[in-house]
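Please read the structure below before turning to the comments.
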Amino acid sequence: DLKNAIQAAVPVFGGKGSHFGGLALIEDFPNPSAYVIPVHYYNQHMETHGLWAMVDEMLSSKEFSDDPAVRDQMLEDLRDAIIEAPIDQDLVDMVSAHIIAGEEAGRWPSTRVRFRSSTNAEDVNGFNGAGLYTSKSGDPNDDDDPVEDAMREVWASVWSFRAFEEREYYSIEHRDIGMALLSHMAFRDEEANGVAITNNVYDTTGLEPAFYVNVQLGEESVVQPDEGVTTDQFLYYYSFPNQPVVYIGHSNLIADGESVLTNSQIYAL
């Protein structure tokens, strides 16, 4: 069944990519066209340039384990090494050709696409990993915005300090993490962006079902905002009369008394 198919796909395509593929099987669901670059290519990049050896040396270091400042610096050095290592040109050519063919076939409106993290420890049972990793855009027709840079930056985000600390807290084996890339159209000039959970996270009884939504103006980050930036946070009680919206917090990027989304946009969402 679909649940087992997704679980079987996660080691190859990661949690996010596997679930996105599952959404494509839901009838009449408005799912954008997408594709996944498997974990294999991340592992190939790490092996080809001796980066796994760098990981092993880092993880075995007592200084790394004992000192957060040392750990932060060593993780940064590893990320830099992943980004600076030459990417396999056959992979770049294959991805670029697929993007261009998709634009020509009308699967996405331009050759600029988004590469999103899809690790095997993300969007899985017991660990959602929301906001831990990076998403980057790239365009095979733009030398200033190349797809290879975007791909390597997302791969490197496996080893961000925040992601490492979160995995450590949950006792997830770092050496076993693999990063696939979920890629779909890049949305330009967004009016708003956000994260929605189809559950009332403040009600453990289940008696007051609601959608929990964090949303921000334009393309400002919701999961990794700049210091001091707040978002609109609200609960949408879809099963109650008149479907009330209860705000928990407001964005400080808009005027007092206003909201990022209109009521009709919230209803549409």
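Because the structure is predicted, anything quoted here is derived from the model rather than measured.
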For the rings on Tyr267 and Tyr236, is their centre-to-centre separation under 6.0 Å? no
For Asn214 and Thr231, which I'm curious about, is there any donor-acceptor pair between the side chains at under 3.5 Å? yes
Going by atom types only, do Ser264 and Thr262 share a side-chain donor-acceptor pair under 3.5 Å? yes
Do we see a donor-acceptor contact under 3.5 Å between the side chains of Ser137 and Arg114? yes
Using modelled atom types and a 3.5 Å cut-off, is there a donor and acceptor pairing between side-chain atoms of His19 and backbone atoms of Gly15? yes
Could you tell me whether Tyr41 atom OH has more than 12 heavy atoms of other residues or ligands within 6.0 Å of it? no
Between Asn252 and Gly228, is there a donor-acceptor pair closer than 3.5 Å when you use the side chain of the first and the backbone of the second? yes
Give a yes or no answer on whether the side chain of Asn193 reaches the backbone of Gly218 with a donor-acceptor pair at less than 3.5 Å. yes
Looking only at atom types and distance, does a side-chain atom of Ser118 sit under 3.5 Å from a main-chain N or O of Lys16, one as donor and one as acceptor? yes
Residue Tyr247 excluded, over 12 heavy atoms near OH under 6.0 Å: yes
Aromatic plane relationship, His49 with His45 - under 30° parallel, 30 to 60° tilted, over 60° perpendicular: perpendicular
List the atom pairs, with distances to 0.1 Å, where a side-chain N or O of residues 172-179 and a protein N or O form a donor-acceptor pair under 3.5 Å, not counting sequence neighbours.
residue: Glu173; atom: OE2; partner: Arg175; partner atom: N; Å: 3.3
residue: His174; atom: ND1; partner: Arg167; partner atom: NE; Å: 3.1
residue: His174; atom: ND1; partner: Arg167; partner atom: NH2; Å: 3.3
residue: His174; atom: NE2; partner: Glu168; partner atom: OE1; Å: 2.7
residue: Arg175; atom: NE; partner: Asp56; partner atom: OD1; Å: 2.8

Do Asp203 side-chain atoms and Glu208 backbone N/O form a donor-acceptor pair below 3.5 Å? yes
Stepwise side chain to side chain contact (heavy atoms under 4.5 Å, CB included) test for Leu78 and Ile82: CA-CA 6 Å; Leu78 176 59; Ile82 292 171; 4.1 Å; yes
Heavy atoms of Ala192 and Leu261 approach each other most closely as CB-CD2, 4.0 Å
Going from CZ on Phe161 to CD on Glu166, what distance comes out if it is rounded to the nearest 0.5 angstrom? 11.5 Å
Donor-acceptor contact below 3.5 Å, side chain Thr134 vs main chain Ser157: no
Donor-acceptor check, side chain of Asp88 to backbone of Leu91, threshold 3.5 angstrom: yes or no? yes
Reference residue Arg71; test side chain to side chain donor-acceptor pair (under 3.5 Å); the match among Glu76, Glu165, Glu63: Glu165
Test item: Glu103 side-chain N/O and Ser110 main-chain N/O as donor-acceptor pair under 3.5 Å: no
Looking at Asp232, is its backbone amide N or carbonyl O close enough to the side chain of Gln216 to form a donor-acceptor pair, meaning the two atoms are under 3.5 Å apart? no
Given the options Arg79, Arg116, Lys136, Glu153 meets salt bridge (charged side-chain N to carboxylate O under 4.0 Å, His left out) only with Lys136
Using atom types as modelled and distance alone, determine if a side-chain donor or acceptor of Ser61 lies under 3.5 Å from a backbone N or O of Glu57. no
Once the angle between the rings of Tyr35 and Phe115 is folded into 0 to 90°, is it parallel (under 30°), tilted (30 to 60°) or perpendicular (over 60°)? perpendicular
